[in-house]
Protein chains: 2
Amino acid sequence: MTEANPRRTQADRRERTRRAVLEAAARRLSTHGYANLVLERVANEAGYSRGAVYHLFANKEELALAVVRWVEETWEAEVGHAAAGEVDPVDALMTMAERHALFCRREVARVLLTLRVEFAGQDHPVGQAIAAILDRLDGTCADLIAAGRASGAIPPGPPPRHTAAAYTAIMEAVGIELAGQAPHDLELMGRAVRGVLGLPPTPIVTDSPSGAGSAATPVHTDREVRR
Amino acid sequence: MTEANPRRTQADRRERTRRAVLEAAARRLSTHGYANLVLERVANEAGYSRGAVYHLFANKEELALAVVRWVEETWEAEVGHAAAGEVDPVDALMTMAERHALFCRREVARVLLTLRVEFAGQDHPVGQAIAAILDRLDGTCADLIAAGRASGAIPPGPPPRHTAAAYTAIMEAVGIELAGQAPHDLELMGRAVRGVLGLPPTPIVTDSPSGAGSAATPVHTDREVRR
DNA sequence: GGAGAAACATACACGCATGCATGTATGTAA
DNA sequence: TTACATACATGCATGCGTGTATGTTTCTCC
């Protein structure tokens, strides 16, 4: 081992360790939440000791906040960025929802939902950080909805902020619930989002073959959706 | 106190204590989840000692399972029962969603979501109990969707079981997210559910006044939706 | 090669929460 | 009234996990 490994700089070692710890912590946070996030376990799964974890992060809370920021940056790069590139508000909202559904096909997407639900009834820095992220997202979506209604592309309905809250809640729930169930995750996401915005269903072009497939699909197969 | 209190039977005392403990546990579960459910705290909030809690429930897990059963029974009585009374599948699905939104105006509605998310990545009896409940619900909804499609009342779309999973996820998310935001919680719930089923938006009859209200509502008011 | 800092690993201290043992109060039947 | 069972309350034992202290390894610069 001392022969095969090249000589790494301290900066390289630090970044490598940090990355491994962040990924291990994210996995545990997504499956077990913050209260069950045991740092000894995180360290072992990252391939280091708990001392190494404490060398990099002051405490458990700071580790969790680092994971939250990491997930947010990943989401922005893959989802937010694409939606922001759209000119039309409806296109932006639909693109965001579709990209989010794709984002949810990865395990790490579950981190924010898990932590958000966990801290919903508690006053805690991690919960506050997530609430701030989602407040910003809600504001962005509310602006898009308002713009879409002003242009006539979106029919009138409940106040933009309430509609945006429902939109993001749906995006989150459907994305996680149907994660990995391609291609249904994308279709059902699109349907739900159109519905909450008050938009009519998209014309049925390729749905007929899918409908026929539904009739031919054994009920037993359908029953495996949840686990 | 010894003069004002009538002589209660042991059965009465037991039921009274049990009720108080269940309610206190439900409140804590909905805000802090299972991992942070501290029995000393539950006991204090119920007005009894931890010994009394252990007298009634073998351990923490059994208490949580009792709360889950209690919430399920309440949901069945107020939501499931009303939906089952509908003859038409679409009416059943819409009634269920509407009743669920009303159910979510109470704090206890949050228990199942909190626990479900908490145990999603763990193999635990409480998580299994909740998964079983939701599996049954998904099955019922899938049957309704299949019946609605067979009768032509619901357009074709992704497999009934996938659609049902999205339906219940939406019902859960929107219900909790907009809890207490009357009357928007009901309207947005209806919209989202119609959308995921592939049904067109309901004709705008009373939406115009609401739309005008939206324009007149200060943006600051909208920003208070989340907290 | 040696000194020093950073990257880790291991050990220590302590609080917290669970489950269980033991004690006290209250209802019931003879 | 007494004996017994049940409904609680209080005390004991123990393991778990966090944060911190201490020890070891590796890199960097002179």
Side-chain angles (χ1 to χ4, degrees), chain A residues 1-25 27-29 31-67 118 122 124-126, chain B residues 1-25 27-29 31-67 118 122 124-126:
Chain A
M1 185 159 183
T2 54
E3 301 172 12
N5 278 8
R7 184 183 182 87
R8 296 186 190 280
T9 64
Q10 296 285 61
D12 285 347
R13 295 175 76 203
R14 182 184 182 92
E15 183 54 36
R16 187 186 185 94
T17 307
R18 190 171 193 277
R19 187 70 186 227
V21 170
L22 274 183
E23 289 178 356
R27 279 196 300 272
R28 295 298 291 186
L29 281 171
T31 54
H32 291 69
Y34 184 81
N36 282 326
L37 182 71
V38 181
L39 297 194
E40 182 78 38
R41 181 83 190 241
V42 169
N44 291 340
E45 292 187 2
Y48 296 91
S49 68
R50 197 153 58 83
V53 176
Y54 275 102
H55 183 70
L56 292 169
F57 304 96
N59 50 43
K60 181 173 168 174
E61 176 184 311
E62 186 170 311
L63 171 60
L65 287 171
V67 171
E118 180 171 355
Q122 305 170 51
H124 189 279
V126 173
Chain B
M1 184 158 183
T2 54
E3 301 171 11
N5 279 7
R7 182 185 182 87
R8 297 184 190 280
T9 65
Q10 297 285 64
D12 286 345
R13 294 175 76 203
R14 183 183 182 94
E15 184 53 36
R16 187 187 185 94
T17 307
R18 190 171 193 277
R19 187 68 185 227
V21 169
L22 275 183
E23 288 177 355
R27 279 196 301 273
R28 296 296 293 184
L29 281 171
T31 55
H32 290 70
Y34 183 82
N36 283 326
L37 182 73
V38 182
L39 296 194
E40 182 79 36
R41 181 84 189 237
V42 170
N44 291 341
E45 293 187 3
Y48 295 92
S49 67
R50 198 154 55 85
V53 176
Y54 275 102
H55 183 71
L56 292 168
F57 304 97
N59 49 45
K60 181 173 170 176
E61 175 185 312
E62 186 171 310
L63 171 60
L65 287 171
V67 171
E118 180 170 353
Q122 304 171 51
H124 189 280
V126 174

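A, B, ... follow the sequence lines: proteins, then strands. Residue 1 opens every chain.
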Show me the donor-acceptor pairs, under 3.5 Å and distance only, between side chains in residues 15-22 of chain A and residues at least two apart or in other chains.
from	atom 1	to	atom 2	distance (Å)
A:Thr17	OG1	A:Arg13	O	2.8
A:Arg19	NE	A:Glu23	OE2	3.3

Donor-acceptor pairs under 3.5 angstrom involving side-chain atoms of residues 59-66 of chain A: please list them, not counting sequence neighbours.
from	atom 1	to	atom 2	distance (Å)
A:Asn59	OD1	A:Glu61	N	3.2
A:Asn59	OD1	A:Glu62	N	2.9
A:Lys60	NZ	A:Tyr34	O	3.1
A:Lys60	NZ	A:Leu37	O	2.9

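A pairwise comparison of heavy atoms in A:Ala43 and A:Val53 identifies CB-CG2, 3.7 Å as the closest pair. Considering all non-hydrogen atoms of both residues, B:Val42 and B:Ala25 come closest at CG1-N, 3.9 Å. Of all heavy-atom pairs spanning A:Glu45 and A:Arg27, the tightest one is O-NH2, 4.1 Å.
For the contact set between residues 36-51 of chain B and DNA chain C, defined by any heavy atom under 4.0 Å, the members are B:Leu37, B:Val38, B:Leu39, B:Arg50. Against DNA chain C, the stretch residues 52-61 of chain B makes heavy-atom approaches under 4.0 Å through B:Tyr54, B:Asn59, B:Lys60. Listed by residue number, the members of residues 16-24 of chain A with any heavy atom below 4.0 angstrom from DNA chain D form an empty set.
Atoms CZ and CG, from B:Arg50 and B:Asn44 in turn, are 10.0 Å apart once rounded to the nearest 0.5 Å.
Note on B:Arg13: every side-chain N or O is 4.0 Å or more away from OP1 and OP2 of D:dA7.
Using a 4.5 Å cut-off on side-chain heavy atoms (C-beta onward), B:Val126 and B:Glu118 make no contact.
One interatomic measurement links the two molecules: CD of B:Glu62 to C1' of C:dG19, which rounds to 13 Å at whole-angstrom precision. The interatomic distance linking A:Gln10 (CD) with C:dC8 (P) rounds to 7 Å, in whole Å.
At its two ends the helix from C:dG1-D:dC30 to C:dA30-D:dT1 runs along axes set 0° apart, each axis drawn from five pairs and the angle rounded to 10°.
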